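Protein chains get the first letters and strands the later ones, always in sequence-line order, with residue 1 at the start of each. Quick caveat: nothing in here was measured; it's all calculated off a predicted structure.
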Amino acid sequence: MPRLSADARHRIRARINGRAIEAEAEPRMLLTDFLRHVLGLTGTHIGCEHGVCGACTVEIDGRLARACLTLAPQIEGSEIRTVEGLAPSPDRLSVLQEAFRRHHALQCGFCTAGILVSLDHYLARTPDPSESEIREFLGGHLCRCTGYVPIVAAALNAAKKLREAKPHA
Amino acid sequence: MKPARFDYVRADTLAEAHAVLAAEGENARVIAGGQTLVPMLSMRLARPKVVIDIMHIAPLAKIAEEKDAIRVGAAVRQAELLEWPALAERQPLMAMALPWVGHAQTRSRGTVCGSVAHADPSAEIPLVLLALKGEIELSSRRHKRRVAAEEFFTGLMSTACAENELIDSILIPSRRVGEGFAFREFGRRHGDFAIVACAAVAKGNSVRLGVGGVADRPVARDLLDLDGSALDDALDTLAWDLEARDDLHASASYRRALVRRLGKETIEEARRCRA
Ligand SMILES: Cc1cc2nc3c(=O)[nH]c(=O)nc-3n(C[C@@H](O)[C@H](O)[C@H](O)COP(=O)(O)OP(=O)(O)OC[C@H]3O[C@@H](n4cnc5c(N)ncnc54)[C@H](O)[C@@H]3O)c2cc1C
Ligand code: FES
Ligand code: FES
């Protein structure tokens with residue numbers, strides 16, 4: 001049980017988007033700042049920084065988490081996925097990302113990173129959601145631009161495309 | 001908004017967590033899911049010297065079936081209890097209320113016991129625990145004790161948990177034959193804290209009704225053998241007894257109206273579901 005002292009920076013090891021990382025943080029550093037400032041992964045956005053908007057959503061050990069409600073030392077030894085990990089390759093969008101583009105599911109894009117991570121996680125576990133289930137699930141995110149309608153449409157469309165791609169599921 | 005400085009301890013055993021709590025007292029703070037504590041740190045409403053992470057203490061990560069209760073350890077997340085296959089069968093009221101606790105994106109991190117420890121007057125889990133007459137198991141370096149939910153919630157976000165103690169687990173009573181349950185909540189959006197929430201346990205002709213979001217803590221009352229206008233009168237008395245106040249979200253009279261209306265609906269539904 002090492003006690004990480006408040007005034008020093010401490011080595012933190014984790015896997016992020018399949019890559020092992022090792023970097024330093026004070027105990028009080030939020031995961032949002034650790035990702036953005038220390039690791040340069042600026043895809044994760046910061047909206048409210050106190051848990052209400054969902055812009056900072058990432059996956060930690062297979063569960064969704066608000067990065068602004070996570071302390072950097074809490075991720076020691078964990079497996080993290082961020083929005084940077086969604087596209088299959090640098091020049092291709094995922095099915096969900098492509099659906100967001102087609103449906104104009106983003107305007108300023110501030111909320112988008114968090115919503116994409118969240119929906120990617122959700123659709124992998126709920127392949128055939130109803131519109132009201134998607135709306136309920138999106139309750140954990142705030143979007144100030146779109147009015148949600150195109151986001152819901154993109155999610156339903158992505159779900160359909162993903163089902164078609166995997167016929168035996 | 002960044003937290004002030006603190007030490008961080010990842011406890012591997014309960015004894016380690018107890019030792020830090022014993023040494024640091026009010027300067028130490030347990031972190032479980034962090035869904036309430038981290039915003040408080042960021043807004044500097046809480047400024048502990050040391051934060052103790054209890055999520056890696058293996059024995060606390062269990063859901064266990066005991067004779068008359070479900071034991072939920074302090075490291076069990078709300079989503080894990082909701083996904084536990086036996087929940088709806090063993091305790092339907094908790095299964096009904098859990099989807100109302102925040103959002104999928106916060107239930108995935110927030111713990112069941114963390115919500116009990118925080119004791120928000122609008123929180124669903126403390127309300128259900130009180131309605132079911134559940135218990136809270138506390139431990140410190142030298143002692144272990146069990147407190148009934150009735151005695152645990154002592155006021156606005158205050159509980160019987162002492163500075164040197166932590167919640168080990170809670171005991172959620174299992175359903176008994178002949179009981180019916182219902183849960184209703186009114187809020188601006190699903191996932192927001194409740195303006196008024198009601199949880200009812202019906203057995204025979206009597207019913208126990210818990211109300212959250214109105215008084216400074218959840219309150220439960222046993223209503224014996226009441227129907228029709230006698231039940232309406234009892235609900236009216238309860239609504240006034242809770243001493244509702246006006247705030248940003250709702251006026252006191254609106255809250256009283258909700259207690260009468262939602263209370264009645266919840267009781268009627270619980271009676272219909274008796275099995
Ligand atoms: C957007 C949002 C919406 C929410 N909506 C709701 C809602 O509708 N209803 C609701 O009930 N909650 C809601 N919450 C809060 C809920 O998500 C938290 O999970 C819960 O209140 C605290 O659990 P936690 O595990 O996150 O605790 P933490 O944040 O880690 O801790 C909370 C407090 O409890 C103490 N504590 C935690 N565990 C223990 C323990 N085992 N022993 C002693 N002390 C302990 C901590 O020291 C701290 O003071 C919401 C949160 C967010 C961010
Ligand atoms: S920035 Fe994390 S929830 Fe808003
Ligand atoms: S696109 Fe601007 S907040 Fe959602």
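- Note on residues 32-69 of chain A: pairs passing ring-ring contact (aromatic ring centres under 6.0 Å, His included), not counting sequence neighbours, are A:H45-A:F110.
- Counting only heavy atoms from C-beta outward, the side chains of A:R63 and B:E80 approach each other to under 4.5 Å.
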Per-pair distances, 0.1 Å, donor-acceptor, side chain in residues 37-55 of chain B, under 3.5 Å, sequence neighbours excluded:
unit_1: B:S42; atom_1: OG; unit_2: B:V38; atom_2: O; d: 3.3
unit_1: B:R44; atom_1: NE; unit_2: B:K2; atom_2: O; d: 2.7
unit_1: B:R44; atom_1: NH2; unit_2: B:K2; atom_2: O; d: 2.9
unit_1: B:R44; atom_1: NH2; unit_2: B:P3; atom_2: O; d: 3.3
unit_1: B:D53; atom_1: OD1; unit_2: B:M55; atom_2: N; d: 3.0
unit_1: B:D53; atom_1: OD2; unit_2: B:Y8; atom_2: OH; d: 2.6

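- Using a 4.5 Å cut-off between non-hydrogen atoms, the part of residues 22-30 of chain B that approaches chain A consists of B:E24.
- Contact annotation for A:E76: both backbone and side-chain heavy atoms come within less than 4.5 Å of a heavy atom of chain B.
- Looking only at heavy-atom pairs under 4.5 Å with chain B, the residue among A:H10, A:Q74, A:E26, A:R66 that has the most is A:Q74.
- Note that the CZ atom of A:F137 and the NE2 atom of B:H103 stand 11.0 Å from one another [nearest 0.5 Å].
- B:D7 contributes a side-chain N or O that, together with a main-chain N or O of A:A6, makes up a donor-acceptor pair within less than 3.5 Å.
- A distance of 4.0 Å separates CZ of A:R28 from CZ of B:R5, quoted to the nearest 0.5 Å.
- Using a 4.5 Å cut-off between heavy atoms, B:T106 touches chain A through its side chain atoms alone.
- For residues 56-106 of chain A, no residue pair satisfies the ring-ring contact (aromatic ring centres under 6.0 Å, His included) rule, not counting sequence neighbours.
- Residue B:Q105 holds its CD atom at 6.0 Å from OG1 of A:T57, rounded to the nearest 0.5 Å.
- The side-chain heavy atoms of B:F6 and A:L71, taken from C-beta on, include a pair separated by under 4.5 Å.
- For the pair A:L64/B:R109, no side-chain contact is recorded, criterion being any heavy-atom separation below 4.5 Å from C-beta on.
- Looking at A:S5, the atoms closer than 4.5 Å to chain B (heavy atoms on both sides) sit in the backbone and in the side chain alike.
- With salt bridges taken as basic N to acidic carboxylate O contacts below 4.0 Å, none links A:R125 and B:E83.
- At a threshold of 4.5 Å between non-hydrogen side-chain atoms, the residues B:R10 and A:P73 do not count as touching.
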